[in-house]
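Note: hydrogens, waters and symmetry copies are ignored here, and every other heavy atom, side chains too, is used.
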Amino acid sequence: MMDGDLLPPAILQHKAVVYVRQSTPTQVELNTESRRRQCELVEIARRRGFRTVDVTCDDLGRSASGMVARPGFEKLVAALCAGEVGAVLCFDAARLARNGRDWHHLLELCGLVEARVIDLDGLSRSLPAERPPAARHEGQHQRVRAWGDPGAHA
């Protein structure tokens with residue numbers, strides 16, 4: 001962890017939420033390594049200073065396309081709205097949403113409550129808010145070191 005990755009004490013007073021998702025039942029059945037690696041984010045959250053870390057696995061086997069209900073994502077949004085979340089940790093920020101509506105909603109909520117999104121590479125905003133996460137898979141990835149930090153530089 002680099003000095004620029006330190007989280008403000010106010011963020012650490014809230015809980016971290018590890019969001020675990022795989023898109024299809026087949027992925028859940030056959031790719032247990034992905035799920036194991038996603039769950040390792042609990043340790044990353046603890047190393048960053050979070051005392052309370054929740055893991056949301058309710059969306060295993062559910063696409064983030066916006067075409068199916070995702071109870072885990074809905075719980076995450078509710079916790080963000082309640083001001084309970086300091087950071088959302090995910091294997092890859094694109095795991096959070098594959099459609100613009102959910103992506104923009106999540107970014108807006110995180111910004112309002114000053115929550116961070118942390119993936120395996122560190123603090124991030126995987127894409128500018130105007131581009132949905134699906135663009136990331138087309139080689140369009142851009143990185144910002146501290147998503148949600150008003151003083152962060154690209």
Do [X] and [Y] touch side chain to side chain, with heavy atoms closer than 4.5 Å?
| X | Y | answer |
| --- | --- | --- |
| C57 | V55 | yes |
| L7 | F50 | yes |
| V85 | D54 | no |
| I44 | V18 | no |
| E84 | H14 | no |
| F91 | Q22 | no |
| D102 | F73 | yes |
| K15 | V53 | no |

Atom of [X], atom of [Y] and distance for their closest heavy-atom approach:
| X | Y | answer |
| --- | --- | --- |
| G72 | D59 | N-OD1, 2.8 Å |
| D58 | P71 | O-CG, 4.1 Å |
| G49 | L12 | C-CD2, 3.8 Å |
| I118 | A87 | CD1-CB, 3.9 Å |
| A16 | A45 | CB-CB, 4.0 Å |
| S63 | V68 | O-CG2, 3.4 Å |

Q) Looking at OG of S65 and CZ of R70, how far apart are the two atoms once the value is rounded to the nearest 0.5 Å? A) 8.5 Å
**Q.** Rounded distance (nearest 0.5 Å) linking atom SG of C110 with atom CG of L76
**A.** 7.0 Å
Tell me whether [X] contacts the main-chain N or O of [Y] through its side chain, where contact means a donor paired with an acceptor under 3.5 Å.
| X | Y | value |
| --- | --- | --- |
| R35 | V20 | no |
| Q27 | S23 | yes |
| Q38 | R21 | yes |
| N31 | S34 | yes |

Q: Mark yes when over 12 heavy atoms from residues, nucleotides or ligands other than R46 sit less than 6.0 Å from its CZ; otherwise mark no.
A: yes
Q: With sequence neighbours excluded, tell me which residues meet side-chain hydrogen bond (donor to acceptor under 3.5 Å, both in side chains) with E40.
A: R36
Q | Intermediate values then yes/no, side-chain contact (heavy atoms from CB on, under 4.5 Å), V88 and R116 | A | CA-CA 6 Å; V88 177; R116 305 298 198 264; over 6 Å; no
Q.
Restricting to side chain to side chain contact (heavy atoms under 4.5 Å, CB included), what partner residues turn up for R101, sequence neighbours left out?
A. N99
Q | Stepwise side-chain contact (heavy atoms from CB on, under 4.5 Å) test for D119 and L89 | A | CA-CA 6 Å; D119 62 16; L89 288 89; over 6 Å; no
